[in-house]
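I have placed the structure first, in the form of structure tokens, so that the comments after it can refer back to it.
Lettering of chains follows the sequences in order, A, B, ..., and the numbering in each one begins at 1.
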2 protein chains.
Amino acid sequence: MNVAVKKYKPGKIRERNEELILEAAEQEFVLHGFKGTSVQAIADRAGLPKANIHYYFKNKSNLYSAVLSNIIDLWNDSLEDITADDDPAEVLRNVIRKKVELSYLHPRSSKLFAMEIIQGAPHIREYIRSDMRQWVRSKTKVFDAWIAAGKMDPIDPVHLIFMIWSTTQHYADFETQVLTLMNRAEYERDDIERITNCLVHVILKGCGLNP
Amino acid sequence: MNVAVKKYKPGKIRERNEELILEAAEQEFVLHGFKGTSVQAIADRAGLPKANIHYYFKNKSNLYSAVLSNIIDLWNDSLEDITADDDPAEVLRNVIRKKVELSYLHPRSSKLFAMEIIQGAPHIREYIRSDMRQWVRSKTKVFDAWIAAGKMDPIDPVHLIFMIWSTTQHYADFETQVLTLMNRAEYERDDIERITNCLVHVILKGCGLNP
DNA sequence: GTCTATAATCAGATAGAC
DNA sequence: GTCTATCTGATTATAGAC
């Protein structure tokens with residue numbers, strides 16, 4: 001039997017408060033950037049005294065890194081297990097659908113990640129240089145195999161990946177502009193379906209695949 | 001004869017200093033956002049005392065608006081004069097080329113505009129709602145005419161425009177990520193050519209046009 | 001674990017000498 | 001037009017009572 005069982009819900013408060021703070025922090029960081037966000041504003045949004053933020057996360061920089069780390073985990077599981085034997089059309093269809101879905105469900109995550117990159121990626125430079133580069137390398141190999149096998153047009157795999165990222169994340173990052181230009185208050189399920197179909201059509205057909 | 005001619009280069013200093021300040025401000029705003037940027041940092045970068053910034057531009061908000069206004073002017077001249085009689089393939093080729101070129105030549109402008117939108121477009125909401133929406137409306141009519149004439153696949157024109165914007169501006173906004181993943185220090189002329197050709201191929205072919 | 005009070009620093013903006 | 005000095009308020013972070 002676990003000894004901790006006798007203690008009164010030991011990590012429960014901590015877990016809940018950390019969650020509250022991370023959520024509030026993400027919102028504030030998206031609205032005002034890292035430097036522009038005050039710890040006070042995060043505390044107010046989380047409904048906690050400012051000092052508690054410093055109690056749970058040593059300082060603003062640590063908190064920001066924690067938020068970014070959560071985001072990277074959330075967006076990391078796509079295209080995970082493809083091989084040269086898979087059907088490229090089906091793989092691309094699934095990736096595009098998944099990315100549009102993520103943009104729909106977690107626009108704020110995408111926005112904060114985008115802001116970090118736009119500002120020169122000062123906090124995640126190393127992640128891009130190592131993990132992300134490794135990931136891209138392994139995927140491009142599969143694309144190259146498909147091209148060599150004549151399964152798709154010879155599109156540079158790296159730029160194809162950029163194209164999928166940019167077109168799908170655009171609906172999260174530029175949400176404000178997109179919705180205003182479409183004269184809508186927020187995305188509906190229908191919109192997501194239409195966007196996905198549109199992107200799948202253009203990108204797959206553009207790669208010489210059957211949409 | 002102009003009376004001002006007798007005065008000692010009246011607007012010269014003002015013009016030069018305003019230019020210096022706008023340039024420095026754009027750099028700082030991209031790096032730290034509106035709230036995160038201090039007037040002192042802009043002054044330091046411009047090589048002027050802080051008080052001069054307030055002399056030329058009433059306050060930080062005015063300066064920021066001036067920078068954004070410059071950016072909008074710079075990016076505004078594309079797709080300006082297309083008609084239903086034009087060849088869609090040629091128009092799209094030119095637009096993509098022009099947008100990639102702008103991203104190459106003025107990445108900072110694109111970045112700052114992107115940050116403003118990501119943060120909810122607090123300073124340019126009205127511009128998007130009026131001028132930009134009007135512009136999109138007029139262009140979609142041309143696309144619709146092309147589709148009705150069977151000149152291209154029935155791709156929703158609005159999403160096609162978003163696709164062109166997102167894929168081209170990605171190379172400016174996500175410059176840090178793109179260059180790191182491509183293992184390069186900066187874009188070369190060759191890269192720009194390759195990127196343009198790749199985007200032209202996929203998008204045009206994806207729309208049922210001849211790349 | 002929680003939160004008030006406070007220290008030390010930095011921000012935007014302006015007055016006023018030059 | 002230029003720039004130093006300064007006001008006022010906000011900022012991060014911490015100390016210490018509860």
Side-chain angles (χ1 to χ4, degrees), chain A residues 3-68 119 122-123, chain B residues 3-68 115-116 119 122-123:
Chain A
V3 273
V5 97
K6 286 190 179 173
K7 287 164 73 180
Y8 172 64
K9 303 198 175 185
K12 265 290 159 60
I13 296 174
R14 168 171 285 270
E15 201 178 325
R16 171 165 166 72
N17 280 348
E18 282 183 354
E19 197 49 54
L20 273 174
I21 294 166
L22 285 168
E23 171 75 11
E26 188 181 85
Q27 295 189 42
E28 288 298 322
F29 282 137
V30 167
L31 288 174
H32 305 115
F34 173 68
K35 272 198 71 179
T37 294
S38 73
V39 178
Q40 184 66 61
I42 296 172
D44 290 349
R45 192 182 280 273
L48 292 170
K50 186 176 58 162
N52 291 29
I53 311 288
H54 284 97
Y55 172 69
Y56 285 110
F57 300 86
K58 207 169 80 88
N59 53 38
K60 190 165 88 160
S61 190
N62 270 25
L63 173 52
Y64 182 72
S65 294
V67 174
L68 277 182
Q119 298 184 354
H123 295 79
Chain B
V3 274
V5 97
K6 286 192 177 170
K7 286 163 74 180
Y8 172 63
K9 305 200 174 184
K12 266 290 159 58
I13 296 175
R14 170 171 284 270
E15 201 177 328
R16 172 166 164 72
N17 280 348
E18 281 183 356
E19 197 50 52
L20 273 174
I21 294 167
L22 285 167
E23 171 76 10
E26 188 181 85
Q27 295 190 42
E28 287 298 322
F29 283 135
V30 167
L31 288 173
H32 304 115
F34 174 68
K35 270 198 70 179
T37 294
S38 72
V39 177
Q40 184 65 62
I42 296 172
D44 290 348
R45 191 181 281 273
L48 293 169
K50 185 174 60 159
N52 290 31
I53 312 287
H54 285 98
Y55 172 71
Y56 285 110
F57 301 86
K58 205 169 83 85
N59 53 38
K60 191 166 85 160
S61 190
N62 270 25
L63 173 53
Y64 182 71
S65 293
V67 174
L68 277 182
M115 286 190 39
E116 168 68 11
Q119 298 185 353
H123 295 78

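In this structure, the CD1 atom of A:Ile53 is 14 Å from the P atom of D:dT11, given to the nearest Å. A straight line from NE2 of A:His32 to C1' of C:dA11 spans 16 Å, rounded to a whole angstrom. Taking atom CG on A:Asn52 and atom C1' on C:dG1, their separation rounds to 8 Å, with Å as the unit. Rounded to whole Å, atom C1' of C:dG1 lies 16 Å from atom CD of A:Glu15. If you take CZ of B:Phe57 and P of D:dT2, they are 13 Å apart, rounded to a whole angstrom. Rounded to an integer number of Å, the gap from A:Ile13 CD1 to C:dC3 C1' is 14 Å.
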For residues 52-59 of chain B, run the donor-acceptor check on the side chains, cut-off 3.5 Å, and write out each pair with its distance to 0.1 Å, sequence neighbours left out.
residue : atom : partner : partner atom : Å
B:Tyr56 : OH   : B:Asn17 : ND2          : 3.0
B:Asn59 : OD1  : B:Ser61 : N            : 3.3
B:Asn59 : OD1  : B:Asn62 : N            : 2.9

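Closest heavy-atom contact between A:Pro49 and A:Ala43: C-CB, 4.0 Å. Closest heavy-atom contact between B:His32 and A:Gln119: C-NE2, 4.2 Å.
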Extract from the structure each pairing of a protein N or O with an N or O of nucleotides 12-16 of chain D at less than 3.5 Å, listing the distance.
residue : atom : partner : partner atom : Å
D:dT12  : OP1  : A:Thr37 : O            : 3.1
D:dT12  : OP1  : A:Val39 : N            : 3.2
D:dT12  : OP1  : A:Lys60 : NZ           : 3.4
D:dT12  : OP2  : A:Val39 : N            : 3.0
D:dA13  : OP2  : A:His54 : NE2          : 3.2
D:dA13  : OP2  : A:Lys60 : N            : 3.2
D:dA13  : N6   : A:Lys50 : NZ           : 2.9

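When each of B:Glu26, B:His123, B:Glu116 is checked for a side chain to side chain donor-acceptor pair (under 3.5 Å) with B:Tyr64, only B:Glu116 meets the rule.
The stretch residues 16-25 of chain A touches DNA chain C through A:Asn17, each having a heavy atom within less than 4.0 Å of the strand.
Checked against D:dG1, C:dG1, D:dC3, the side chain of B:Leu48 finds its nearest nucleotide in D:dC3. Looking at the side chain of B:Pro49, the nearest of the listed nucleotides C:dG1, D:dT4, D:dG1 is D:dT4.
Within 4.0 Å (heavy atoms only), A:Tyr56 reaches sugar-phosphate atoms of the nucleic acid but no base atom.
No donor-acceptor pair closer than 3.5 Å links the side chain of B:Lys35 to the backbone N or O of A:Leu31.
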